[in-house]
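By convention in this document, chain letters (A, B, ...) are assigned in the order of the sequence lines, proteins followed by strands, and residues within each chain are numbered from 1. What's counted below: heavy atoms across the whole structure, side chains too, no hydrogens, waters or symmetry copies.
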2 protein chains.
Amino acid sequence: MTETRVERKERTRRAILDAALELCEGQPLAALSLRQVAKQVGVVPTAFYRHFESIDQLGLELVDESFSALRDLLKAARTFDTPPSSDRALFLAVVDNSVKALVSHVPRAERHFRFIARERLAGSLLVREAVRHQLELIERELATDIARVPGAGRWSADDLQILANLLVNAMLSHAEELALANGRPDVVRRIEDTARRQLHIVLIGALSWDSSR
Amino acid sequence: MTETRVERKERTRRAILDAALELCEGQPLAALSLRQVAKQVGVVPTAFYRHFESIDQLGLELVDESFSALRDLLKAARTFDTPPSSDRALFLAVVDNSVKALVSHVPRAERHFRFIARERLAGSLLVREAVRHQLELIERELATDIARVPGAGRWSADDLQILANLLVNAMLSHAEELALANGRPDVVRRIEDTARRQLHIVLIGALSWDSSR
DNA sequence: AGTTTCGGTGTACGTGTGTACACCGAGAAC
DNA sequence: GTTCTCGGTGTACACACGTACACCGAAACT
């Protein structure tokens, strides 16, 4: 009625995305059928094609959705108005901020992260590549941020990349655990603590690491 | 003929497991149909039930198969006839041995590891739990081995667990990369190098980490 | 006011699915 | 040599699937 046509279209598009995300819980996207999604939305199967040309395309959409907020959040966690002076203090602050960002954001988009965890290695080729691409972006952004800290000269470009990879992998595995924690406060706190300590260990190791060894 | 009945049964059982593993490439186990597997084996669909009561049970079998050799290999990589004297030298030797074990073993069971990577987070509840259980065993075994090195007193039980978790997660992500490398020698070498450096960084960090900080 | 656009409908078809059931035939047990 | 066991067969059914096609009706455009 008072609803314009594009609004209406956007609404059922969202409904399809949400339905897919919900029906996916506990099974991979590939095991999901068009008809299940359509039924959940309350729409006839063929209507699906008005919005997505395949389940795969829907998957790509969900991947983008899942990462868009997170990447900004992580980058923000590494920018300071007045950065700590020593390398060590700076790193510890970055770890704290990043872990806090993760712990606060993941539970707010739990279903999305469970989706990512599932599809990262089990999804179709296209979806897997999309996830991998996003993770590489995060890794690269982290590497360039690390390269900017005053004492970063000690690391070669190779080692920077490797360090960033180690950090992102650790964060990823904790994000996956968080997404499976169902927001239970004690579990979340334990994961948070583990993540912080692990990242500390890594950065302490990195600080006494010399690429020209 | 010259083939006994149990031999024959074991043979088609193996054929079913292999067929499942092969058909699984690029899709999750849950998206696999009984009939596809049966056709691949060259057997009528209902014959499947003579060996497994469900695809899920077949999955559990594959999980056990995948891990049984690896765990022994990793434990062996941490036992020395004459262990190095300093903590640091010991750790570096352990890292080298473990990485070598991984790099030599994973490509020999590539399909199994791709299977594990896929099912670890995307499989059915039962399969996921089986994988998680195996990983926890590896983690625990690593933690007790670390606890035995002379200078391990510096770490609390908590921190030991956390350290082992960090190491296993790093190894896991590299094992997954290896399994996807399709044995391409340059890629394998790069992964091996990355893994070794990352584990070094972690252990250097751990060595200058004090639980009572 | 008349026409076009387009999200959603309803029907219909061929195919693949899990599984129930009766059956077979050769190796094992007696 | 007779009987039993049991891996594998063949048929059959009800169901869910993806998708092609013609159609509808209201918003959007002219």
Side-chain angles (χ1 to χ4, degrees), chain A residues 1-62 118-119 122-127, chain B residues 1-62 118-119 122-127:
Chain A
M1 235 23 216
T2 67
E3 198 177 31
T4 167
R5 202 143 72 173
V6 296
E7 282 171 348
R8 167 116 192 134
K9 177 163 188 181
E10 179 52 30
R11 201 159 59 92
T12 74
R13 186 187 152 88
R14 258 261 63 83
I16 291 178
L17 286 164
D18 291 343
L21 208 49
E22 183 178 341
L23 289 172
C24 244
E25 292 280 342
Q27 72 182 318
L29 190 67
L32 202 62
S33 83
L34 212 105
R35 287 178 114 104
Q36 281 173 51
V37 178
K39 177 179 283 185
Q40 172 86 5
V41 177
V43 113
V44 97
T46 45
F48 178 91
Y49 293 113
R50 304 287 186 197
H51 303 272
F52 304 95
E53 73 175 24
S54 70
I55 294 265
D56 241 52
Q57 291 297 321
L58 183 154
L60 292 183
E61 196 72 25
L62 287 176
R118 256 178 281 118
E119 300 303 317
S124 71
L125 187 61
L126 252 69
V127 172
Chain B
M1 23 191 95
T2 67
E3 199 178 31
T4 169
R5 201 143 73 174
V6 296
E7 283 170 348
R8 166 115 193 135
K9 176 162 188 181
E10 179 53 29
R11 200 160 57 92
T12 73
R13 185 187 153 88
R14 259 261 60 84
I16 292 177
L17 287 165
D18 291 342
L21 209 48
E22 183 180 339
L23 290 171
C24 244
E25 292 280 342
Q27 72 181 319
L29 191 68
L32 202 61
S33 85
L34 211 102
R35 289 178 114 104
Q36 282 174 51
V37 178
K39 178 179 283 187
Q40 172 86 3
V41 176
V43 114
V44 96
T46 45
F48 178 91
Y49 294 112
R50 304 286 185 196
H51 303 273
F52 304 96
E53 72 174 23
S54 69
I55 294 266
D56 242 52
Q57 290 297 320
L58 184 155
L60 292 183
E61 197 72 26
L62 287 176
R118 256 179 282 119
E119 299 303 317
S124 71
L125 187 61
L126 252 70
V127 172

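- Here the closest heavy-atom approach between residue A:A20 and residue A:L32 is recorded as O-CD2, 3.8 Å.
- Nearest heavy-atom pair, A:E119 versus A:L29, reported as atom, atom and distance to 0.1 Å: OE2-N, 2.8 Å.
- The CD atom of A:E53 sits 15 Å away from the P atom of D:dG18 (whole-angstrom rounding).
- Spacing between atom CZ of A:F48 and atom C1' of C:dC6 amounts to 18 Å, rounded to whole angstrom units.
- Within the structure, a side-chain polar atom (N or O) of B:S33 is placed less than 4.0 Å from OP1 or OP2 of C:dT17.
- Dashed line: the shortest gap from a side-chain N or O of A:T4 to OP1 or OP2 of D:dA27 is not under 4.0 Å.
- As rounded to whole Å, 15 Å separates atom C1' of C:dT9 from atom CG of A:L34.
- Looking at B:T12, its side chain never comes within 3.5 Å of a backbone N or O of B:A15 through a donor-acceptor pair.
- Taking the side chain of B:R5 as heavy atoms from C-beta on, and the options C:dA26, C:dT9, D:dC17, the nearest nucleotide is C:dA26.
- Between atom CZ of residue A:R118 and atom CD of residue A:E25 there is a gap of 5.5 Å, rounded to the nearest 0.5 Å.
- Taking only side-chain atoms of A:H51, from C-beta outward, the nucleotide of C:dG8, D:dT19, D:dA12 with the closest atom is C:dG8.
- The two atoms that bring B:P28 and A:P28 nearest to each other are CG-CG, 3.3 Å, heavy atoms only.
- A:T46 contributes no side-chain N or O that forms a donor-acceptor pair with the base of C:dG8 under 3.5 Å.
- One interatomic measurement links the two molecules: CG of A:L32 to C1' of D:dG18, which rounds to 13 Å at whole-angstrom precision.
- Atom CD of A:E3 is separated from atom P of C:dC6 by 18 Å (rounded to the nearest Å).
- C:dG27 atom P lies 13 Å from atom CZ of B:R11, rounded to whole Å.
- B:V43 comes within 4.0 angstrom of sugar-phosphate atoms only, judged by non-hydrogen atoms across all strands, and of no base.
- The side chain of B:R8 sits closest to D:dG8 out of D:dG10, C:dA12, D:dG8.
- Here B:T12 reaches the OP1 or OP2 of D:dG8: one of its side-chain N or O atoms lies under 4.0 Å away.
- Each of B:I55 and B:R50 has a nearest nucleotide on DNA chain C; the 5'-most of these lies closest to B:I55.
- The distance between atom OH of A:Y49 and atom C1' of D:dC21, rounded to the nearest whole Å, is 13 Å.
- Taking atom CZ of A:R35 as the reference point, atom C1' of C:dG14 lies 12 Å away to the nearest angstrom.
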